[in-house]
Number of protein chains: 2
Amino acid sequence: MQQLDDAALDLIFRNARTHSHWLDKPVGDDDLRRAYDLARMGPTSGNCQPMRVVFVRSKEAKAKLEPALSAGNRAKTMAAPATAIFAMDMEFYEHLPRMFHDPEARSWFAGKPKAIATNAMRNATLQAAYFIIAARAVGLDCGPMSGFDNDKVDAAFFAGTSYKSNFLCNLAHGDPARLHPRNPRFEFDEACVIA
Amino acid sequence: MQQLDDAALDLIFRNARTHSHWLDKPVGDDDLRRAYDLARMGPTSGNCQPMRVVFVRSKEAKAKLEPALSAGNRAKTMAAPATAIFAMDMEFYEHLPRMFHDPEARSWFAGKPKAIATNAMRNATLQAAYFIIAARAVGLDCGPMSGFDNDKVDAAFFAGTSYKSNFLCNLAHGDPARLHPRNPRFEFDEACVIA
């Protein structure tokens, strides 16, 4: 295969939508594992893979998440069968001797807070985007959200660790009947130039 | 279509690789436009779409980019038919009245430098990841890179604008014969937990 066909492009890009209302259909361990096993293959700087994920699915875990949610994100998130907390390991560089072929790679980051912060954020976010596309590719719908209190999530889920939250994403089967019209996108010539 | 088939998943995730050596095959305007037209459909916070892209393809533009490249990224980038400068518009919020259905959206960011910086970086990076997957979906190979001098790129390409560089990505048809073995990835249970 050289290119995806139209049906595939529709599924992962053109018809895929951010959902807020869900069908009564569970999200299983297998769905989450399949999406991660695809997403993890995506490229990161020096293969650093800083993304860590908590899939919030139990009543107990949802109750821990609830106080951190903004008002506008609360109902849909509490109703979603699963919500990913996309996080990043701020000590990601400790794994580079195993993950990257260049033995010097750890030294690009260790002791350099600015390089750590930028690369954790950039690469964990790339991985979260790969996950969103991968989730759609295995038949899930996504509802990514930045509207929450990162500090509260970090205190509730990551106290005493080197992990920090990045953003959240509901994972479910969306109800197509309850979608809003799609917001516009920049045309190529508004956002891009060929130089 | 409910899910991508194995051949499609192989193309965009499982067999896709970061390339450094290129086949003698051009990258046309159409390839870049097709990839962008898919990538732009991906979700961003409040549909803010901060990503801007310069596709460096001419000799003149390549010569402007060269001094900013790290030694290890120079030869492959100068040899690539196209190199994307993935950038972000730090005034992305000025477009929200057009791009998002909530008229309050501009006020979430305007005058708030920390919210601007975090959201520009997070969302432009999400969009760049969508672009990488979209480029693969239309038959291109990608070579993303953080090893370059952002300030030099900004001075050469974005002086006097509100744009800042994020990272670079060679776009080409990779030579599969010259790939290194793939570096390892974290297993699900190393990077994820179902709570």
Side-chain angles (χ1 to χ4, degrees), chain A residues 1-4 7-14 16 18 29 32-33 36-38 40-43 45 47 49 51-58 61 98-101 119 121-122 125-126 128-130 132-134 137-139 142 144 146 166-167 180 183-186 188 191-195, chain B residues 1-4 7-14 16 18 29 32-33 36-38 40-43 45 47 49 51-58 61 98-101 119 121-122 125-126 128-130 132-134 137-139 142 144 146 166-167 180 183-186 188 191-195:
Chain A
M1 178 179 283
Q2 301 287 315
Q3 299 196 9
L4 294 199
L9 296 175
D10 286 347
L11 182 73
I12 61 172
F13 287 117
R14 291 191 295 228
T18 291
D29 289 22
L32 303 175
R33 287 177 176 272
Y36 174 77
D37 283 347
L38 294 166
R40 72 180 180 145
M41 305 317 288
S45 307
N47 197 35
Q49 306 172 71
M51 181 179 75
R52 303 293 180 266
V53 191
V54 178
F55 295 105
V56 175
R57 217 174 45 177
S58 68
R98 171 181 160 209
M99 289 299 171
F100 199 58
H101 51 79
N119 280 278
M121 178 71 170
R122 179 185 292 132
T125 302
L126 289 172
Y130 305 147
I132 288 171
I133 303 295
V138 302
C142 296
S146 295
N166 184 7
F167 67 99
H180 295 286
N183 280 303
R185 297 296 195 273
F186 286 115
F188 183 92
C192 306
V193 64
I194 301 177
Chain B
M1 179 180 281
Q2 302 287 317
Q3 299 198 8
L4 295 199
L9 297 175
D10 286 346
L11 182 73
I12 61 173
F13 287 118
R14 291 191 295 227
T18 291
D29 288 22
L32 303 175
R33 286 177 176 273
Y36 175 76
D37 284 348
L38 294 165
R40 70 180 181 145
M41 306 317 288
S45 306
N47 198 35
Q49 306 173 71
M51 182 180 75
R52 304 293 180 266
V53 191
V54 178
F55 295 105
V56 175
R57 218 174 44 176
S58 68
R98 171 181 159 210
M99 289 300 172
F100 199 58
H101 52 79
N119 280 278
M121 178 71 171
R122 180 186 291 133
T125 302
L126 289 172
Y130 304 147
I132 288 170
I133 303 295
V138 302
C142 296
S146 294
N166 185 7
F167 68 98
H180 295 285
N183 281 303
R185 297 296 194 273
F186 285 114
F188 183 92
C192 306
V193 65
I194 301 177

Got [X] and [Y] here, is their nearest side-chain heavy-atom distance under 4.5 Å?
| X | Y | value |
| --- | --- | --- |
| A:R185 | B:N47 | yes |
| B:I133 | A:Y130 | yes |
| B:L32 | A:C192 | no |
| A:F167 | B:R122 | yes |
| A:L4 | B:L4 | yes |

B:S146 vs A:S45, test: side-chain hydrogen bond (donor to acceptor under 3.5 Å, both in side chains). Steps then yes/no.
CA-CA 7 Å; B:S146 294; A:S45 307; 3.1 Å; yes

Residue part contacting chain A, namely of [X], when any heavy atom lies under 4.5 Å:
| X | answer |
| --- | --- |
| B:A61 | side chain |
| B:P144 | side chain |
| B:V56 | backbone |
| B:Q49 | both |
| B:M99 | both |
| B:D10 | neither |

Top contributor to chain A contacts, counting heavy-atom pairs under 4.5 Å, from B:D29, B:I194, B:D37
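Result: the option with the highest number of such pairs is B:I194.
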
As an exercise: rank B:R33, B:H101, B:H180 by heavy-atom pairs under 4.5 Å with chain A and give me the winner.
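Heavy-atom pair counts peak at B:R33.
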
Nearest-0.5 Å distance that lies between atom [atom1] in [X] and atom [atom2] in [Y]:
| X | Y | atom1 | atom2 | result |
| --- | --- | --- | --- | --- |
| A:L126 | B:L126 | CG | CG | 8.0 Å |
| A:Q3 | B:I12 | CD | CD1 | 13.0 Å |
| B:M121 | A:M121 | CE | CE | 6.5 Å |
| B:L11 | A:Q2 | CG | CD | 8.0 Å |

What residue in A:A128, A:C142, A:P43 has the most heavy-atom pairs under 4.5 Å with chain B?
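That would be A:P43.
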
Taking every non-hydrogen pair under 4.5 Å, which of A:T18, A:I132, A:N166 racks up the most with chain B?
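The residue among A:T18, A:I132, A:N166 with the greatest pair count is A:N166.
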
Specify whether A:Y36 and B:F188 have parallel, tilted or perpendicular ring planes, treating 30° as the upper limit for parallel and 60° as the lower limit for perpendicular.
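It falls in the perpendicular class, over 60°.
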
A:F186 six-ring face occupied by B:R52 cation (under 6.0 Å, within 45°)
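Yes, a cation-pi geometry holds between B:R52 and A:F186.
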
Closest heavy-atom pair and its distance - B:F100, A:N183:
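Smallest interatomic distance, heavy atoms only, reads CD1-ND2, 3.6 Å.
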
